[in-house]
2 protein chains.
Amino acid sequence: MSSPTRNPVTRPRTLTRERILEVALELFNEQGYEKTSLREIADRLGVTKAALYYHFQRKEDILLELHLRLHDLGRDLLDQLDALDEQELVAAWPSLIDQFIEKVLANRELFLVHQRNEQAFHQLADNERHQAENDDIEQRFRRFLANPAIPLADRVRMACSIGAVFSALMGAGGMFGDAPVEEVAALVRDAIGDLFPSHR
Amino acid sequence: MSSPTRNPVTRPRTLTRERILEVALELFNEQGYEKTSLREIADRLGVTKAALYYHFQRKEDILLELHLRLHDLGRDLLDQLDALDEQELVAAWPSLIDQFIEKVLANRELFLVHQRNEQAFHQLADNERHQAENDDIEQRFRRFLANPAIPLADRVRMACSIGAVFSALMGAGGMFGDAPVEEVAALVRDAIGDLFPSHR
DNA sequence: GTCTATATTTCGATAGAC
DNA sequence: GTCTATCGAAATATAGAC
């Protein structure tokens, strides 16, 4: 399992397919996955409902593709995490959080749709598990947090870091008045730095 | 507006009404609000679908009641928050977080259903706003975070605190292996304490 | 690839007896 | 308060022409 030749499942990226995903992402964020009908997606795209079925077999597959793109973002972070041993981990954490913050900021809508439709994404995993048994990044992260070789206090603070990033950076624009995102991001980095005082 | 005589809208708490809410909370957490049909709620309760309509006019009203109970939990925390002035705030923060942690732990399922069905709860606010214009606790908290009288760095760290609590304490049981919740909660308190070094 | 139908199903909600 | 029965309105998905 997990042979080195496993390719990243070449997913076709035709133009209209991308436009469907783009519009779906918008609508799922505005109204939620369940409340968004294929008709609405088709309407905003200027095509009919049936046309969507040429590009995606089921409605669920649209959400699945968005899920896979989130996985692509999280995968190498978790690979880095798994490559470190327990002693290096705390020292490397700020750097990993930096990368994470960059990815969140560069893909806000994608992270947002996951947060706002947690249930829909979660039920996806059941069907997706046929393709990628232990590739679910949430599961991998939970397994990481359950590792007794890492001091519990550190694991708790790592979990806190993730939540802090989401909480402070993923609210819709202007959560802190008119403060620019970069400034907020820098303050979040500082705060998480204080959670891991490397020189004590 | 917000006259002192505004009573907490005496909501009837009959026995079966409570059982409906109990079962609905379970199912909404397991399958999500949209994916849970009234038939499923009725089945698990041993009654028929139509019986539910004696206790709730619409399906939405079941979710609304859960929302109101979350509001009841958050209201006095926000009242305390609004009563403080900007200088006392940082010093009082750890105590407020303590109370918040207690409420989260004592009402895990209630907070969980909100996190997992963010969209459904959010669309509720539109209809609910008729009754409680500026009583939405999320909006109140956002308004608090936008207050320029508080240093931005402090506001960011407060937002981080909330996310940290959710992230570390609301995962289903055993997020950190078999570590007891109280121990994790204590570690979260420590971590947030490090975010606000009162003696520097 | 996109269209016009249409099949099929499920769900929320109501009416009215008991 | 709970039941049986049913309505009406969506929505997903399919069939087949162009």
Side-chain angles (χ1 to χ4, degrees), chain A residues 10-67 113 116-117 119-124 126-128 130, chain B residues 10-67 113 117 119-124 126-128:
Chain A
T10 40
R11 299 186 286 273
R13 301 194 103 164
T14 68
L15 183 67
T16 57
R17 195 185 160 90
E18 288 301 314
R19 286 182 62 225
I20 292 172
L21 287 166
E22 189 184 333
V23 168
L25 182 56
E26 283 175 22
L27 284 170
F28 293 169
N29 267 330
E30 294 172 12
Q31 312 178 335
Y33 171 73
E34 317 273 2
K35 286 258 182 188
T36 300
S37 69
L38 294 175
R39 196 185 66 79
E40 287 173 295
I41 299 177
D43 281 0
R44 188 172 289 198
L45 239 130
V47 297
T48 63
K49 199 176 46 168
L52 303 182
Y53 278 94
Y54 174 82
H55 298 277
F56 297 92
Q57 287 201 345
R58 298 164 297 156
K59 181 190 180 186
E60 219 185 345
D61 290 340
I62 301 180
L63 197 67
L64 175 59
E65 176 105 7
L66 296 176
H67 200 190
V113 80
R116 292 192 177 167
N117 300 275
Q119 294 268 14
F121 276 98
H122 205 268
Q123 285 159 359
L124 215 55
D126 299 336
N127 304 354
E128 194 183 359
H130 297 294
Chain B
T10 40
R11 301 186 284 274
R13 300 194 108 167
T14 68
L15 183 67
T16 58
R17 195 184 160 91
E18 288 302 314
R19 287 182 62 223
I20 293 173
L21 288 166
E22 188 184 334
V23 168
L25 181 56
E26 282 175 20
L27 284 169
F28 293 168
N29 268 331
E30 293 172 14
Q31 313 177 335
Y33 170 72
E34 317 273 1
K35 287 258 181 188
T36 300
S37 68
L38 294 175
R39 196 186 66 79
E40 287 173 295
I41 299 177
D43 281 0
R44 188 173 288 199
L45 239 128
V47 296
T48 63
K49 197 176 49 168
L52 303 182
Y53 278 93
Y54 174 81
H55 298 276
F56 295 92
Q57 287 201 344
R58 298 164 297 155
K59 182 191 179 186
E60 220 186 344
D61 290 340
I62 300 179
L63 196 67
L64 176 59
E65 176 105 8
L66 296 176
H67 200 191
V113 80
N117 300 275
Q119 294 268 13
F121 275 98
H122 204 268
Q123 285 160 359
L124 215 56
D126 298 337
N127 305 353
E128 194 182 359

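We use all heavy atoms of the structure for the numbers below, so side chains are in, but hydrogens, waters and symmetry mates are not. In what follows, every chain begins at residue 1, and chains take the letters A, B, ... in the order their sequences are listed.
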Spacing of [X] atom [atom1] relative to [N] atom [atom2], expressed in whole Å:
X: B/K49; N: C/dG12; atom1: NZ; atom2: C1'; answer: 7 Å
X: A/R58; N: D/dA13; atom1: CZ; atom2: C1'; answer: 12 Å
X: B/K35; N: C/dT9; atom1: NZ; atom2: C1'; answer: 13 Å
X: A/I41; N: C/dT2; atom1: CD1; atom2: P; answer: 15 Å
X: B/Y33; N: C/dC11; atom1: OH; atom2: C1'; answer: 12 Å
X: B/L38; N: C/dA13; atom1: CG; atom2: P; answer: 7 Å
X: B/Q31; N: C/dC11; atom1: CD; atom2: C1'; answer: 14 Å
X: B/R39; N: C/dT10; atom1: CZ; atom2: P; answer: 9 Å

Using atom types as modelled and distance alone, determine if a side-chain donor or acceptor of [X] lies under 3.5 Å from a backbone N or O of [Y].
X: A/E40; Y: A/S37; result: yes
X: A/K35; Y: B/E34; result: no
X: A/N117; Y: A/G32; result: no

Closest heavy-atom pair, A/R44 versus A/E26, reported as atoms and distance to 0.1 Å, is NH1-OE1, 3.0 Å
Heavy-atom closest pair (A/A42 atom, A/K49 atom, distance to 0.1 Å) is CB-N, 3.5 Å
Which nucleotide in the list [options] gets nearest to the side chain of [X]?
X: B/T14; options: C/dT2, D/dG1, C/dG1; value: D/dG1
X: A/A50; options: D/dA11, C/dT4, D/dA5; value: C/dT4
X: A/Y54; options: C/dT4, D/dT12, C/dG1; value: C/dG1
X: A/H55; options: C/dT2, C/dG12, D/dT12; value: C/dT2
X: A/A51; options: C/dT14, D/dA13, C/dT2; value: C/dT2

Contacts of A/E34 and B/V47 projected onto DNA chain D by closest heavy atom; the upstream (5') one is B/V47
- With respect to the phosphate group of D/dC3, does any side-chain polar atom (N or O) of B/T48 fall under 4.0 Å of OP1 or OP2?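 It does, given that an N or O in the side chain of B/T48 lies less than 4.0 Å from OP1 or OP2 of D/dC3.
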